[in-house]
Novice: 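Structure in structure tokens, see below.
Sequence lines set the chain letters: A, B, ... in the order given, protein chains first and strands last, and positions in each chain run from 1. This structure is a prediction, so every number in the text was calculated from the model and none was measured.
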2 protein chains.
Amino acid sequence: MDSIGFAPHDHSSCIQDGIAAVDAQCRAEGLQFTPVRRRVLEILLQEHRALGAYEILDRLREEGLGSQPPVAYRALDFLVKNGFAHKIERLNAFIACTHPGESHAPAFLICRACDAVAEAQREPTQGQLGQAARDAGFVIERAVIEAEGLCPKCQHKSAA
Amino acid sequence: MDSIGFAPHDHSSCIQDGIAAVDAQCRAEGLQFTPVRRRVLEILLQEHRALGAYEILDRLREEGLGSQPPVAYRALDFLVKNGFAHKIERLNAFIACTHPGESHAPAFLICRACDAVAEAQREPTQGQLGQAARDAGFVIERAVIEAEGLCPKCQHKSAA
DNA sequence: CGCCCCATGTAATTTTATAACATCACGCGG
DNA sequence: CCGCGTGATGTTATAAAATTACATGGGGCG
Ligand SMILES: [Zn+2]
Ligand SMILES: [Zn+2]
Ligand SMILES: [Zn+2]
Ligand SMILES: [Zn+2]
């Protein structure tokens with residue numbers, strides 16, 4: 001289970017690679033990667049933090065790409081449904097996927113101080129949750145795994 | 001990691017025992033288990049499913065116990081803060097705790113067909129999530145673990 | 001062209017949650 | 001008993017998040 005997002009990195013390639021990967025996958029699957037959808041993904045990719053739908057909508061509005069809530073929600077629905085973005089339930093907010101195209105059982109580490117969010121990959125059926133489900137005879141179709149706490153950077157700050 | 005909620009059981013004792021346990025803990029810790037708070041907990045205990053704040057508010061209103069949103073939200077805040085109830089982020093709804101008083105790192109199994117919710121206890125620092133956090137240098141303070149799927153009963157129904 | 005399918009534009013509304021301020025009850029020191 | 005602080009409630013208003021419903025537009029295809 002690896003995780004990115006707290007470490008320094010070439011962030012412009014996050015954006016370029018993210019768009020490129022999604023663009024490729026859309027072509028492959030016959031999905032329409034329209035201007036609004038592309039722009040919303042770009043906006044999300046610019047941050048390693050979660051943005052609220054209305055925060056995204058504000059940016060779209062500034063650019064003349066749409067001004068009513070459904071515009072943002074529809075683009076986000078598309079991205080989430082196809083695994084290009086994720087909703088962080090705890091925050092009512094959305095984040096670009098850092099592993100687009102891959103299989104997908106994400107978990108999130110959310111820093112309460114700087115709002116950074118890292119995405120980690122899990123093995124769905126393994127671990128405590130999978131075991132608890134088997135014990136209960138429950139079949140998991142989808143799981144929300146969101147941890148809140150302090151990222152390495154903010155731990156050092158608060159220790160000072 | 002055990003879980004209750006999907007199995008048949010003496011449900012009236014769920015309610016009585018739940019109230020009694022919380023009542024005892026409030027006495028012990030000097031917390032005020034007021035009528036509204038007690039009634040909200042009773043309402044939650046009557047179901048092994050999550051209720052929205054406004055759903056609870058409706059019942060309070062019928063009983064003349066309060067009619068504005070803050071009444072319900074304040075009672076729920078109290079219950080959640082003290083570990084007597086939990087918020088299910090995925091549903092924007094609340095559920096009574098089935099292990100009041102105990103240490104508390106809950107995970108939830110939510111049936112999408114019948115809305116039943118089971119609460120399981122986890123070991124916070126163990127498992128995949130704990131490992132991912134350690135790898136990333138992240139310190140978890142709180143985790144939201146919510147699995148969605150089919151409970152045993154509803155699997156049989158849908159198989160038919 | 002006429003049609004379907006999908007994406008988009010827009011208005012209105014619903015659902016969820018909080019802010020702000022007034023009031024009340026209880027306990028405690030003076 | 002009074003005055004005061006603290007915490008719970010009552011009430012109004014508003015904010016924030018999400019959806020419903022209906023109108024419009026553009027591309028592919030027979
Ligand atoms: Zn980056
Ligand atoms: Zn941080
Ligand atoms: Zn029960
Ligand atoms: Zn079920």
Novice: Counting only side-chain N and O atoms of K87(A), is one of them less than 4.0 Å from OP1 or OP2 of dA18(D)?
Specialist: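 Checking K87(A) against dA18(D): at least one side-chain N or O falls below 4.0 Å of OP1 or OP2.
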Novice: So do the side chains of I140(B) and F138(B) get within less than 4.5 Å of each other, counting heavy atoms only?
Specialist: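 Heavy-atom side-chain distance check passes, below 4.5 Å.
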Novice: For Q46(B) and I15(B), indicate whether the former's side chain and the latter's backbone hold a donor-acceptor pair under 3.5 Å.
Specialist: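 No.
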Novice: Which residues, if any, of residues 19-38 of chain A bring a heavy atom under 4.0 Å of DNA chain C?
Specialist: Q32(A), T34(A), V36(A), R37(A)
Novice: Taking any heavy-atom pair under 4.0 Å as a contact, classify L65(A): base, sugar-phosphate, or nothing.
Specialist: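 The answer is sugar-phosphate, as L65(A) gets under 4.0 Å only of primed atoms, P, OP1 or OP2.
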Novice: Distance under 4.0 Å to a non-hydrogen atom of chain A counts as contact; along DNA chain C, which nucleotides mark the start and end?
Specialist: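 Terminal contacting nucleotides, 5' to 3': dC6(C) to dA11(C).
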Novice: For residues 24-34 of chain A, pull every pair meeting side chain to side chain donor-acceptor pair (under 3.5 Å), keeping only residues two or more places apart or in separate chains.
Specialist: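 Those involving residues 24-34 of chain A are D23(A)-R27(A), Q25(A)-E29(A).
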Novice: Tell me: CD of E55(A) to C1' of dA15(D), nearest whole Å?
Specialist: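 Between C1' of dA15(D) and CD of E55(A): 15 Å.
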Novice: Pick the nucleotide of DNA chain D nearest each of Y54(B) and P70(A); which residue has the one closer to the 5' end?
Specialist: Y54(B)
Novice: With sequence neighbours excluded, tell me which residues meet side-chain contact (heavy atoms from CB on, under 4.5 Å) with E62(B).
Specialist: none
Novice: Partners of A113(A) by side-chain contact (heavy atoms from CB on, under 4.5 Å), sequence neighbours excluded?
Specialist: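 Once residues adjacent in sequence are excluded, the partners of A113(A) under the side-chain contact (heavy atoms from CB on, under 4.5 Å) criterion are C111(A), L150(A), C154(A).
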Novice: Could you tell me the separation between the CZ atom of F94(A) and the C1' atom of dA16(D), rounded to a whole number of Å?
Specialist: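 Distance, rounded to whole Å: 13 Å.
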Novice: So which pairs with a foot in residues 63-83 of chain B pass side chain to side chain donor-acceptor pair (under 3.5 Å), sequence neighbours left out?
Specialist: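 Every pair satisfying side chain to side chain donor-acceptor pair (under 3.5 Å) with a residue in residues 63-83 of chain B: R39(B)-E63(B).
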Novice: For H99(B) and E119(B), what are the C-alpha separation, side-chain angles and deciding distance, and is it a side chain to side chain donor-acceptor pair (under 3.5 Å)?
Specialist: CA-CA 8 Å; H99(B) 309 271; E119(B) 177 178 349; 4.7 Å; no
Novice: Without decimals, in angstroms, what is the distance between Y73(B) OH and dT11(D) P?
Specialist: 19 Å
Novice: Test ring-ring contact (aromatic ring centres under 6.0 Å, His included) on H86(B) and F94(B); report intermediate values, then the result.
Specialist: CA-CA 6 Å; H86(B) 303 291; F94(B) 301 83; over 10 Å; no
